[in-house]
Amino acid sequence: MTGAGSTRPSRSATPADADAGGLDIEWQATEAEVVDNGHTIQVNMAEGSSIVLEGRQFSLVQFHFHLPSEHTVDGAASPMEVHFVHAAEEGDLAVIGVFMEAGDADPTIQSLWEAIPGPDESPAAVGALDPGTLLPGGRGYFRYQGSLTTPPCSEVVSWVVMTESISVSQAQVDVFAALYPMNARPVQPLNGRDLALHP
């Protein structure tokens with residue numbers, strides 16, 4: 001796999017050490033709002049959802065979308081990718097990336113797209129939203145240390161990229177593409193980073 005701040009993962013990633021700790025996703029439905037921030041469509045989440053990654057807790061702050069995916073697996077990109085951004089009390093970040101493949105429509109994505117505000121409009125409240133509906137069924141993931149994918153791209157981020165994808169319709173991809181036809185950082189080499197696969 002390769003990525004976003006980033007890295008070029010492949011299925012030959014090193015299996016994770018069992019002593020390294022794991023990932024516990026503790027998300028729940030909370031109030032949310034949809035924002036067009038000029039770079040992407042972003043969904044801001046109220047407090048209440050978090051993850052525990054390798055023994056550290058990070059709170060879910062927001063998630064947003066990229067077209068095409070900012071990570072690749074064996075050199076292949078997906079049509080889109082969603083990034084769930086979490087912050088620890090100390091300010092460190094952890095991001096979960098999920099590939100979005102063209103297939104069946106996703107009802108959560110549909111509700112978000114229908115709520116996208118116009119360029120000069122205020123954020124659109126969408127009520128209680130369960131971000132877990134945008135996770136794949138499997139919980140396997142790639143793990144590496146990288147950076148944010150927006151300038152200056154220098155922050156250290158604990159990256160988790162799920163090995164399985166979710167399905168969205170081509171029409172849903174097209175809605176996003178009409179707003180942001182390309183908002184992905186070019187894929188970066190691993191540059192010596194360790195890439196671990198947690199099956």
Side-chain angles (χ1 to χ4, degrees), residues 1-16 22-27 29 32 34 40-43 45 49 51 53 58 60 62-86 94-114 116 129-144 146 148-149 157-188 190 193 195-199:
M1 165 186 118
T2 352
S6 169
T7 255
R8 196 167 271 114
S10 71
R11 295 295 177 183
S12 60
T14 304
L23 171 67
D24 186 12
I25 299 175
E26 301 172 347
W27 292 350
V34 183
T40 186
I41 300 305
Q42 178 172 306
V43 181
M45 300 295 296
S49 292
I51 62 171
L53 178 63
F58 298 80
L60 178 62
Q62 52 100 340
F63 62 92
H64 61 269
F65 301 88
H66 294 278
L67 183 153
S69 67
E70 291 195 312
H71 292 90
T72 62
V73 176
D74 294 333
S78 296
M80 292 186 65
E81 185 175 346
V82 55
H83 289 166
F84 297 91
V85 180
H86 303 74
V95 182
I96 295 179
V98 178
F99 295 115
M100 303 167 68
E101 302 289 349
D104 294 334
D106 183 278
T108 299
I109 292 295
Q110 188 63 33
S111 66
L112 294 175
W113 279 191
E114 291 174 356
I116 294 173
L129 174 68
D130 181 1
T133 60
L134 296 177
L135 282 175
R139 289 294 184 265
Y141 60 93
F142 297 103
R143 173 79 177 84
Y144 74 98
L148 290 174
T149 63
V157 176
S158 296
W159 275 98
V160 170
V161 181
M162 307 305 287
T163 57
E164 294 186 13
S165 61
I166 62 171
S167 172
V168 295
S169 69
Q170 184 60 51
Q172 290 173 328
V173 173
D174 292 344
V175 167
F176 188 88
L179 296 171
Y180 297 102
M182 198 294 184
N183 72 336
R185 180 187 183 189
V187 170
Q188 306 296 305
L190 277 170
R193 295 185 185 94
L195 179 68
L197 173 61
H198 296 250

Carefully, step by step, assess Val34 and Trp113 under the rule side chain to side chain contact (heavy atoms under 4.5 Å, CB included). CA-CA 9 Å; Val34 183; Trp113 279 191; over 6 Å; no
Can you name the nearest heavy-atom pair linking Asn183 to His66, along with the distance? O-ND1, 2.8 Å
Check step by step if side chain to side chain contact (heavy atoms under 4.5 Å, CB included) holds for Ile96 and Tyr141. CA-CA 9 Å; Ile96 295 179; Tyr141 60 93; over 6 Å; no
Rounded to the nearest 0.5 Å, what separates atom CE in Met162 from atom CG in Leu135? 6.0 Å
Nearest atoms (heavy-atom pairs only) where Leu134 meets Ile166: O-CG2, 3.6 Å
Step through the shown structure and confirm whether more than 12 heavy atoms of other residues, nucleotides or ligands are within 6.0 Å of CG on Asp130. yes
Find the distance between CD (Glu164) and CZ (Phe99) and round it off to the nearest 0.5 Å. 12.0 Å
Nearest atoms (heavy-atom pairs only) where Met45 meets Pro131: CE-CD, 3.9 Å
Between CD of Glu70 and CD of Glu81, what distance do you get to the nearest 0.5 Å? 6.5 Å
Distance, nearest 0.5 Å, that separates OG1 of Thr133 from CH2 of Trp27: 9.0 Å
Looking at side-chain heavy atoms only, is the closest gap between Met100 and Val82 below 4.5 Å? yes
Give the minimum heavy-atom separation between Asp104 and Ser167, together with the two atoms involved. N-OG, 2.6 Å
Any side-chain heavy-atom pair from Phe84 and Ile25 closer than 4.5 angstrom? no
Can you confirm if the aromatic rings of Tyr144 and His71 lie within a centre distance of less than 6.0 Å? yes
Pro68 to Met182 - nearest heavy-atom pair and separation: CD-CG, 4.2 Å
Determine the minimum heavy-atom distance between Leu60 and Val85, stating which atoms define it. CD1-O, 3.5 Å
Side-chain donor/acceptor of His83 to backbone N/O of His64, under 3.5 Å: no
Donor-acceptor pair, side chain of Gln172 and main chain of Ile109, under 3.5 angstrom: no
Validation row: Val98, Phe63 side chains within 4.5 angstrom (heavy atoms): no
Would you confirm whether Thr163, through its side chain, and Gly140, through its main-chain N or O, come within 3.5 Å as a donor-acceptor pair? yes
Output, in order, the C-alpha distance, side-chain angles, deciding distance and verdict of side chain to side chain contact (heavy atoms under 4.5 Å, CB included) for Leu112 and Phe65. CA-CA 11 Å; Leu112 294 175; Phe65 301 88; 4.3 Å; yes
Contacts of type side-chain hydrogen bond (donor to acceptor under 3.5 Å, both in side chains), residue Ser78, not counting sequence neighbours: Glu101
List the steps and the verdict of side chain to side chain contact (heavy atoms under 4.5 Å, CB included) for Ser158 and Arg143. CA-CA 8 Å; Ser158 296; Arg143 173 79 177 84; 3.6 Å; yes
